[in-house]
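Below, read A as the first sequence line, B as the second, and so on, with proteins coming before strands; counting in each chain starts at 1.
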Number of protein chains: 2
Amino acid sequence: MSLFRGIKYFLLSDNSKQKTLRQVLGFYPKNFTLYDQAFTHKSVVNDNVESDKVSNERLEFLGDAILGSIIAEYFFQKFPFEDEGFLTKIRSKLVSRNFLNQLSVDIGLDTFLETSANLNRSKSIYGDAFEALIGAIYLDKGYDLCRKFVVQKIIKDYVDIDELLATETNFKSKLIEHTQSKKISYKFQTVAVETGSMKFFKCELYVEHAEPIIGEGNSKKRAEQEAARLFFEKF
Amino acid sequence: MSLFRGIKYFLLSDNSKQKTLRQVLGFYPKNFTLYDQAFTHKSVVNDNVESDKVSNERLEFLGDAILGSIIAEYFFQKFPFEDEGFLTKIRSKLVSRNFLNQLSVDIGLDTFLETSANLNRSKSIYGDAFEALIGAIYLDKGYDLCRKFVVQKIIKDYVDIDELLATETNFKSKLIEHTQSKKISYKFQTVAVETGSMKFFKCELYVEHAEPIIGEGNSKKRAEQEAARLFFEKF
């Protein structure tokens, strides 16, 4: 059963909302208004001008940053011997729109959300709601409890780090597959750059119909991976 | 006098380092190794293979995320009636490479850094060191004290929010200046979009030699500002 159990939160009475939150979050929330706001998509507010509801967009802004910190520290501690390039990449994978959307559905948070938007068009509203929830927890209970919730309730049960790692290093093969399926050409051109005491590798990636991409890294392989990763980020 | 007083930290004895940090940070650090690491540029480590020094790159990764959170919350609380678009823009201004580099020099942190890099080429090492310091403080003393340091010691004395706000809204004029100086043409083309109950403005910005940029906002002006901002972010 998923953490949030597919409950239609926004239809519950205040009393049931409070019980549900307590069970799901594993702590006693104080300011329930914040959670109501986290689960309110802007479409509900826009549809009803006279409503006193507030949408989750500001909480999403805050939660996005808090989640970014928590995930950064999680990987910082988990991989003490990996460099910042590795940490940046694996973090960006976990906080990506796609991953967070899927995660929100996996934990069953999707049914908590009150929305009148066309869900086929905007699946990212689930990931946004997850970030808004993190913002609400942070404001309600502080950084340490928020971190504990993310690490113990979310990452532990719903994130497969090995799978993240496996997909994380495959940008070059992903690019090769992509170009083959689209029948477009590509070229990696990598050179070593030395400036004074610094040495690094610079990879220029040319994909047909796209602007050139430059990736850098402390090995040829890393520079190419970085260029391929940037290609997917951009296009 | 600047906060960090132009002290050549890395030349001090351990005892003097501890006294200096106490005075500058306003609290008693526990793990001094973290601060030594924050002030060690990778060039010092790369130049000396036998050195047991660790560079500040991993701490910079962590500090970048922590700083992003602290600044996000700072603006979230300071501007309770602004939307997430406004908050995103003003935050990205404060955590930009340029701003952090200048800030690090303003607070006198530049002389704390041990480096053998060519400083004319890589001014961003100062901003990086500032982020690494934030990472060190976070690991040493936790989130709340780290936030207090940033808000009370840095933002209060060294960040002019009004100036940030003023520069923040000028992307369109910046674009016009830019295109005039480069003698290239540009065109803003803005339309109102209505889908069901949602209404917003969509601005297509065409700048000669560049891919078209699309900005969105809840007014024509905001959509154009957003497109111009994205242009500078991209090129």
Derivation and outcome, side chain to side chain contact (heavy atoms under 4.5 Å, CB included), residues B:Ile70 and A:Tyr143: CA-CA 11 Å; B:Ile70 293 170; A:Tyr143 191 83; over 6 Å; no
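- Of all residues spanning residues 53-62 of chain B, those with a heavy atom less than 4.5 Å away from chain A's heavy atoms are B:Glu57, B:Arg58, B:Leu59, B:Phe61, B:Leu62, arranged by number.
- Considering every non-hydrogen atom in both B:Ala65 and A:Gly68, the closest pair reads CB-O, 3.9 Å.
- For the salt bridge (Lys or Arg N to Asp or Glu O under 4.0 Å) test, no residue two or more places apart in sequence or in another chain qualifies with B:Lys148.
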N/O donor-acceptor pairs under 3.5 Å from side chains in residues 207-218 of chain A, not counting sequence neighbours:
residue	atom	partner	partner atom	Å
A:Glu208	OE1	A:Ser185	N	2.8
A:Glu208	OE1	A:Ser185	OG	3.2

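- Distance check, rounded to the nearest 0.5 Å: CZ of A:Arg91 to CG of B:Asp64 gives 6.5 Å.
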Side-chain polar contacts of residues 128-139 of chain B - donor-acceptor pairs under 3.5 angstrom, sequence neighbours left out - could you list them?
residue	atom	partner	partner atom	Å
B:Asp128	OD1	B:Arg97	NH1	2.2
B:Glu131	OE1	B:Arg97	NH2	3.0
B:Glu131	OE2	B:Arg97	NH2	2.8
B:Tyr138	OH	A:Glu73	OE1	2.4
B:Tyr138	OH	A:Arg147	NH1	2.9

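- Shown here is B:Lys153, whose NZ atom has more than 12 heavy atoms of other residues, nucleotides or ligands within 6.0 Å.
- Only the backbone of A:Phe81 comes within contact range of chain B, judged by heavy atoms closer than 4.5 Å.
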